[in-house]
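Atoms considered below: every heavy atom in the structure, side chains included; atoms not considered: hydrogens, waters and symmetry mates. Residue numbers start from 1 in every chain, and the chains themselves are labelled A, B, ... in the order their sequence lines are given, proteins ahead of strands. Given the structure is predicted, the values throughout are model-derived calculations rather than measurements.
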There are 2 protein chains.
Amino acid sequence: MPRGPLMIIGGAEDKLRRRTVLQDFVTASGDREARIVVIPTASSIGEEIMAVYDALFRKLGAPQVACVDPASREEAHDEALVALLDDATGVFMTGGNQLKLSGLLNGTPVGDAIVRAHHRGAVVAGTSAGASIQSSHMVAFGSGGATPKQRMTQVAAGLGLVSSSVIDQHFEQRNRYGRLLMIVAQSPQLLGIGVDEDTAATVTHEVDEETGEERELLRVSGRGAVTVMDGSRMITNAFEAKRSAPLLASGVVLHVLPAGATYDLTARELLPGETEVAPEDAAELEEFGKDLRRMARDIAASDASPTVLKRRMARLRKLRSAEQSPLDEQPVTTPENGANR
Amino acid sequence: MPRGPLMIIGGAEDKLRRRTVLQDFVTASGDREARIVVIPTASSIGEEIMAVYDALFRKLGAPQVACVDPASREEAHDEALVALLDDATGVFMTGGNQLKLSGLLNGTPVGDAIVRAHHRGAVVAGTSAGASIQSSHMVAFGSGGATPKQRMTQVAAGLGLVSSSVIDQHFEQRNRYGRLLMIVAQSPQLLGIGVDEDTAATVTHEVDEETGEERELLRVSGRGAVTVMDGSRMITNAFEAKRSAPLLASGVVLHVLPAGATYDLTARELLPGETEVAPEDAAELEEFGKDLRRMARDIAASDASPTVLKRRMARLRKLRSAEQSPLDEQPVTTPENGANR
């Protein structure tokens, strides 16, 4: 069986209006065929959180929503809970305190069943604390701020669904650049992944048909961005920096990825994306293209008289919008151009 | 004449306790020989700000402190003001509104005199707004936040003392990662430089004696860090992103530089630094070194009897501190090791 998709949600996903992220989870779990298990264990008000997600997932089309919420590591050995997870098509871990979540689940039969669900193809999703726990190394807790300092945050062991990584959430909203950079500076082999609120990083595993090699892809959806920090070739003084002083972290490669972007976690590089064209522009662009191809043909055949060309140019001018047209395209990397738009 | 040092201060430099940054400015301006000009024009309470810096710089040892504060572009043509700047060994621009500062000075004789002061070897320093104006491209105003968005900030023309760059200040404290990334995404040839509060980036120009080539170096001092964003090889969708959506910014090379770090702005790379050893450890390390060299010699000469070696090991153990010794050194890039310190 191929591994299932992982949905890493940065917290505060929209529950009332555009439920893009949650709808994506239900769809990936099988819609009308979905058997969803919610794990509200990270939360200190698990019952209320459970009621919200139960209502939401049913509203979004899932017929079956169960709750797995062990109150102790002892309870996390309950075979009935394990059976629910073994039958699930989608697992959803809520927000709260990730150290409570990992402390109660990791290394228990319930924790193992989550990992097993992923490996047999089920969707495993988590928001906020439920996102953090998916990486191999987990941000246990820490403070905000943009500049990395030696003791900003504490690292614990996550479930390891995403290997060689550390995931942080509420990334932009709680200004967590510094603490993620600190972790990457102290563990340069880990990829730092920061997910904004109402935003999902969906990780899938694809096998290259030619080489047979597996690659791990991260695709972004939702309202914010996913920030990836790659410290493979960084220079740092983390082994000798003072506790509260800023860390040296030079040569970190940074990727800020908005919805639609896909990043190859295996090769550590952005996949080339398609330029998105608004539907209202598509027909017009198509028309331009045809006319230009015809003109090129005519010129090559030397039968484009000045009159024919003139008529054609007039038509192109008419078609082209005041704002932009393919004929106006210029390299657009200067601030002057940026400011015009 | 070689160009003078530029001091780019991120705002809120300590004025009451450890006046490291301001003392550095007075020292670089010539201490007892310093002739300092303060430009409080960015501020809307210029008179009060002037009084503070006047008192500070005199307290820190400068015998002569003058004020240049034109109230209009017309006044910025005043020959008496230009004469003050032409005679200065140090120029200090205060915080406030950088668009007011650049709007009143840039392209006037007073503005030209600041540039001239730099080129004849005087120190030019500025804090907050006075830091922003030193780059070729200036952040005019904008909003905070970690994720870059298309219309977060507005760019205007700075004095251009640091070429091909855009400087931002209060960097960590006002969470300005996003807006600096936005500017770099829209203008990938610019180097983004973000300076924390009570922190200075001092830019100097050195001529390589062998090649004769000039290089521009940035050295960090003070309490925080300087963040450099290099977009030379980045991939971005800035030319087509929607106004409020997060921008794609992939492959930006990030450098977070604490006090003591030196970055080569010309080659765009960190200069190798020395490991700093605390004075209290230096003597002990020296002692260890000697003893180890002696032991190596004895072993090579085969005259180290077990008794001699045993006595020597006991002595080393006694010397070595509970915390750390050269004999305990291990590669220290794992979180486990980091947590121990």
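Options A/Leu181, A/Val252, A/Leu257 differ in how many heavy-atom pairs under 4.5 Å they form with chain B, and the most are formed by A/Val252. Of the listed residues (A/Asn175, A/Val256, A/Val228, A/Asn237), the one with the most heavy-atom contacts under 4.5 Å to chain B is A/Val256. Highest contact tally toward chain A, considering only B/Gly144, B/Pro246, B/Pro148, is held by B/Pro246 [criterion: heavy-atom pairs under 4.5 Å].
Contact between A/Ser132 and A/Gln169 at its shortest, heavy atoms only, is OG-NE2, 2.7 Å. The shortest non-hydrogen separation linking A/Leu247 to A/Ala185 is CD1-CB, 4.0 Å.
Proximity to chain A is absent for every atom of B/Thr227, based on heavy atoms less than 4.5 angstrom apart. Contact annotation for A/Ile235: only side-chain heavy atoms (C-beta onward) come within less than 4.5 Å of a heavy atom of chain B. With a 4.5 angstrom heavy-atom cutoff, B/Ala245 does not touch chain A via any of its atoms. Interface remark: B/Ile183 contributes no atoms to any contact with chain A (heavy atom separation under 4.5 Å). Using a 4.5 Å cut-off between heavy atoms, B/Arg223 touches chain A through its backbone atoms (N, CA, C, O) alone.
For the pair B/Leu217/B/Leu271, a side-chain contact is recorded, criterion being any heavy-atom separation below 4.5 Å from C-beta on.
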Practice task
List the steps and the verdict of side-chain hydrogen bond (donor to acceptor under 3.5 Å, both in side chains) for A/Gln186 and A/Gln150.
Solution key: CA-CA 9 Å; A/Gln186 290 179 5; A/Gln150 193 72 307; 2.8 Å; yes
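Ring geometry for A/Tyr177 against B/Tyr177 counts as parallel: the plane angle stays under 30°, on a 0 to 90° scale with 60° as the upper cut.
Residues satisfying the salt bridge (charged side-chain N to carboxylate O under 4.0 Å, His left out) criterion with A/Asp230, sequence neighbours excluded, are A/Arg268.
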